[in-house]
Amino acid sequence: MLAALLIKIDYKDLINKIVCDDTSRTCMIHRCALCPGKENVKHFIDDVFEEADIGEDDLIQFSQWQTTDRSTIINRQETQDTFCELLVSKLDELTTHHGPSSLHSGIKREFRQGDSNYIT
């Protein structure tokens, strides 16, 4: 899906447009009062498309993983507005799933390095 943005960007950069601290469990799962939220990344994506002269009703082609009994990549075509809503939703889901796993990995790493403040 990110390839459809027409710029080279990592999903972590987009996550950081939703949260103010990607190392904070509160920000990654629940969002603190200072987190910019989904609207911030939506505005960023809208700006990318606006700079490329792609309007809300223009069609965007993209690939997306679909999981049923197995995972497959499907090709889709949606309006820019629908694509943006879908991408923001997926990023929000990813943030809440990415947060606990990456935070847990960091805690385990610090524990292995001898920081006794953490318990796994």
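From a predicted model like this one, the values you see are computed outputs, not experimental measurements.
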Between atom [atom1] of [X] and atom [atom2] of [Y], what is the distance when rounded to the nearest 0.5 Å?
X	Y	atom1	atom2	result
C35	K17	SG	NZ	14.0 Å
L59	Q61	CG	CD	8.0 Å
T82	I60	OG1	CD1	10.5 Å
Y11	T95	OH	OG1	9.5 Å
I18	C27	CD1	SG	12.0 Å

Problem set entry | Side chains of F44 and I9 in contact at under 4.5 Å (non-hydrogen atoms) | yes

Exercise. Under the 4.5 Å side-chain heavy-atom rule for ILVMFWY, direct or indirect, which residues accompany I73?
Worked result: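 Same cluster as I73: W65.
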
Exercise. Which side-chain hydrogen bond (donor to acceptor under 3.5 Å, both in side chains) pairs, counting each pair once, include a residue from residues 50-59, with sequence neighbours left out?
Worked result: none

Exercise. When you look at L14 and L94, which way does the side-chain contact (heavy atoms from CB on, under 4.5 Å) test go after all the steps?
Worked result: CA-CA 10 Å; L14 294 174; L94 180 62; over 6 Å; no

For this session: Tell me, please, which residues at least two apart from D10 pass side-chain contact (heavy atoms from CB on, under 4.5 Å).
Result: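 If we apply the side-chain contact (heavy atoms from CB on, under 4.5 Å) test to D10, skipping adjacent residues, the hits are K12, D13.
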
Exercise. Would you say the side-chain atoms of S24 pair up with the backbone N or O of D21, donor to acceptor, closer than 3.5 Å?
Worked result: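 The answer is no, because no donor-acceptor pair under 3.5 Å joins these two groups.
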
For this session: Group every Ile, Leu, Val, Met, Phe, Trp and Tyr by side-chain heavy-atom contacts under 4.5 Å, then state whether I74 and L86 land in the same group.
Result: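 The answer is no; the residues belong to distinct hydrophobic clusters.
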
For this session: Mind running side-chain contact (heavy atoms from CB on, under 4.5 Å) on L5 and I45 for me, showing each step along the way?
Result: CA-CA 7 Å; L5 286 179; I45 294 167; 3.7 Å; yes

For this session: List for me each residue that meets ring pair (Phe, Tyr, Trp, His ring centres under 6.0 Å) alongside F62, sequence neighbours excluded, and say none if there are none.
Result: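 For F62 the ring pair (Phe, Tyr, Trp, His ring centres under 6.0 Å) partners, ignoring immediate neighbours, are F83.
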
Exercise. Between I54 and L6, does a side-chain contact (heavy atoms from CB on, under 4.5 Å) hold up when you go through it step by step?
Worked result: CA-CA 11 Å; I54 298 173; L6 308 173; 3.5 Å; yes

Exercise. Would you say K42 has more than 12 foreign heavy atoms packed within less than 6.0 Å of its NZ?
Worked result: yes

Exercise. When you look at I29 and T26, which way does the side-chain contact (heavy atoms from CB on, under 4.5 Å) test go after all the steps?
Worked result: CA-CA 6 Å; I29 296 174; T26 300; over 6 Å; no

For this session: Output every pair passing salt bridge (Lys or Arg N to Asp or Glu O under 4.0 Å) with a member in residues 77-90, not counting sequence neighbours, ordered by first then second residue.
Result: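 Non-adjacent pairs meeting salt bridge (Lys or Arg N to Asp or Glu O under 4.0 Å): R76-E78.
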
For this session: Kindly write out the residues that satisfy side chain to side chain donor-acceptor pair (under 3.5 Å) with D92, not counting sequence neighbours, or none if the list is empty.
Result: R31

